[in-house]
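In each ligand, atom 1 is the first atom listed, and ligand 1 is the first ligand listed. Values below: every heavy atom of this structure, side chains too, minus hydrogens, waters and symmetry copies.
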Amino acid sequence: MTSIPTGQFITRSAEETFELAYGIGEAINEPAVFLLQGDLGAGKTVFAKGIGAGLDIDPAEVNSPTFTIVNQHDGRMRLYHLDLYRIAGGANEVYDLGLEEIITEPEAVVVIEWPERLGAFAIPRAYWVTISDSGGDERNISIRYEI
Ligand code: ADP
Ligand code: MG
């Protein structure tokens, strides 16, 4: 079973956030979904890069791309990285992205930035990661698992 830490964390640099997420990525050995909440610039993509690195994916390849909403990276497990910022949102649009197939794919890890855009598209058994900027380079990171 995957043992992913939950609770409250404080990081004081992008590297510390990366390291926290890296540890989580390293611990993953079964499918998991991470929903990353936080304002622009909070550190969601830094966190996604850390998870990717922990799955043996080059973090430089994990970006928030301008035109693609879904990115697939193959490491120790497959990583789907979604940034929903640019979609209007709602269950229909999300469904059209193929998210239903993605989240039910065996052996896949899914990381979603801007899960607020999911609307009524509920994702059960996911880790909710909320990153808030507490001034300067300090971030408060809450990780909780919701059934
Ligand atoms: P988001 O994806 O949430 O819009 P990014 O991860 O792209 O945000 O960017 C976060 C920015 O904040 C980066 O420029 C990063 O270097 C900076 N930063 C400063 N301190 C931290 C921290 N503690 N954790 C994460 N990022 C930080
Ligand atoms: Mg981002």
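Among protein heavy atoms, the minimum distance from atom 6 (O) of ligand 1 is reached at Val46 N, 3.0 Å. For atom 21 (C) of ligand 1, the closest heavy atom belonging to the protein is Ala14 N, 3.4 Å. Atom 4 (O) of ligand 1 has as its closest protein heavy atom Gly41 N, 2.8 Å. Among all non-hydrogen protein atoms, the one lying nearest atom 7 (O) of ligand 1 is Thr45 CB, 3.7 Å. Shortest contact from atom 18 (N) of ligand 1 to any protein heavy atom: Arg139 NH2, 3.4 Å. In this structure, atom 24 (N) of ligand 1 lies nearest to the protein heavy atom Thr17 OG1, 2.6 Å. Annotation: atom 20 (N) of ligand 1 to nearest protein heavy atom, Asp137 O, 3.3 Å. Of the protein's non-hydrogen atoms, the one nearest atom 8 (O) of ligand 1 is Gly43 N, 3.2 Å.
The shortest N/O to N/O separation between Leu40 and ligand 1 does not fall below 3.5 Å. Looking at Lys44 next to ligand 1, an N or O pair under 3.5 Å apart turns up. Some N or O of Ala42 is nearer than 3.5 Å to an N or O of ligand 1, by distance alone. Considering backbone and side-chain atoms together, Arg12 places no N or O closer than 3.5 Å to any N or O of ligand 1.
Here Thr45 meets the criterion, with an N, O or S atom under 2.8 Å of the Mg ion (ligand 2). Note on Asp83: not counted as a metal contact of the Mg ion (ligand 2), no N/O/S atom lying under 2.8 Å.
The shortest heavy-atom contact between Leu55 and Gly25 is CD2-O, 3.7 Å. Across all non-hydrogen atoms, the minimal contact from Asn140 to Ser134 is ND2-OG, 3.5 Å. Nearest heavy-atom pair, Ala53 versus Phe18, reported as atom, atom and distance to 0.1 Å: CB-CZ, 3.5 Å. Pairing each heavy atom of Ile4 with each of Ile28, the nearest pair is CD1-CG1, 4.1 Å.
Under a cut-off of 6.0 angstrom, the local environment of CG in Asp58 is crowded, with over 12 non-hydrogen atoms contributed by other residues, nucleotides or ligands.
In summary, the atoms of ligand 1 found under 4.0 Å from a heavy atom of Glu113, numbered by their order in the structure, are 2 (O). Residue Asp39 approaches ligand 1 through these ligand atoms, each under 4.0 Å from one of its heavy atoms: 3 (O).
Contacts between Ala48 and ligand 1, counted as non-hydrogen atom pairs separated by less than 4.0 Å, are absent for every part of the residue. Contacts between Leu36 and ligand 1 below 4.0 angstrom, taking non-hydrogen atoms only, are absent altogether.
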Name each donor-acceptor pair under 3.5 Å that joins a side chain in residues 109-118 to protein atoms two or more places apart or in another chain, with its distance.
unit_1 : atom_1 : unit_2 : atom_2 : d
Glu113 : OE1    : Thr45  : OG1    : 3.0
Glu113 : OE2    : Thr45  : OG1    : 2.8
Glu113 : OE2    : Ser64  : OG     : 3.4
Glu113 : OE2    : His81  : NE2    : 2.7
Arg117 : NE     : Tyr85  : O      : 3.4
Arg117 : NE     : Ile87  : O      : 3.3
Arg117 : NH2    : Tyr85  : O      : 3.1

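Residue Ser64 places no heavy atom under 4.0 Å from ligand 1.
Contact annotation: the side chain of Pro5 approaches that of Ile24 to within less than 4.5 Å [non-hydrogen atoms, C-beta and beyond]. With a 4.5 Å cut-off on side-chain heavy atoms, Arg144 and Thr130 count as touching.
A salt bridge does not link Glu107 to Arg78: none of the charged side-chain nitrogens sits closer than 4.0 Å to a carboxylate oxygen.
A donor-acceptor contact shorter than 3.5 Å links the side chain of Arg139 to the backbone of Gly136. Lys44 places a side-chain N or O within donor-acceptor distance of the main-chain N or O of Asp39, the cut-off being under 3.5 Å. Side chain of Glu16 to backbone of Arg12: a donor-acceptor contact under 3.5 angstrom is found.
Checking Tyr127 against Glu146 by side-chain atom types alone, no donor-acceptor pair falls below 3.5 Å.
With respect to the Mg ion (ligand 2), Glu113 has OE1 as its nearest N, O or S atom.
Counting only heavy atoms, the protein never gets under 4.0 Å from atom 14 (O) of ligand 1.
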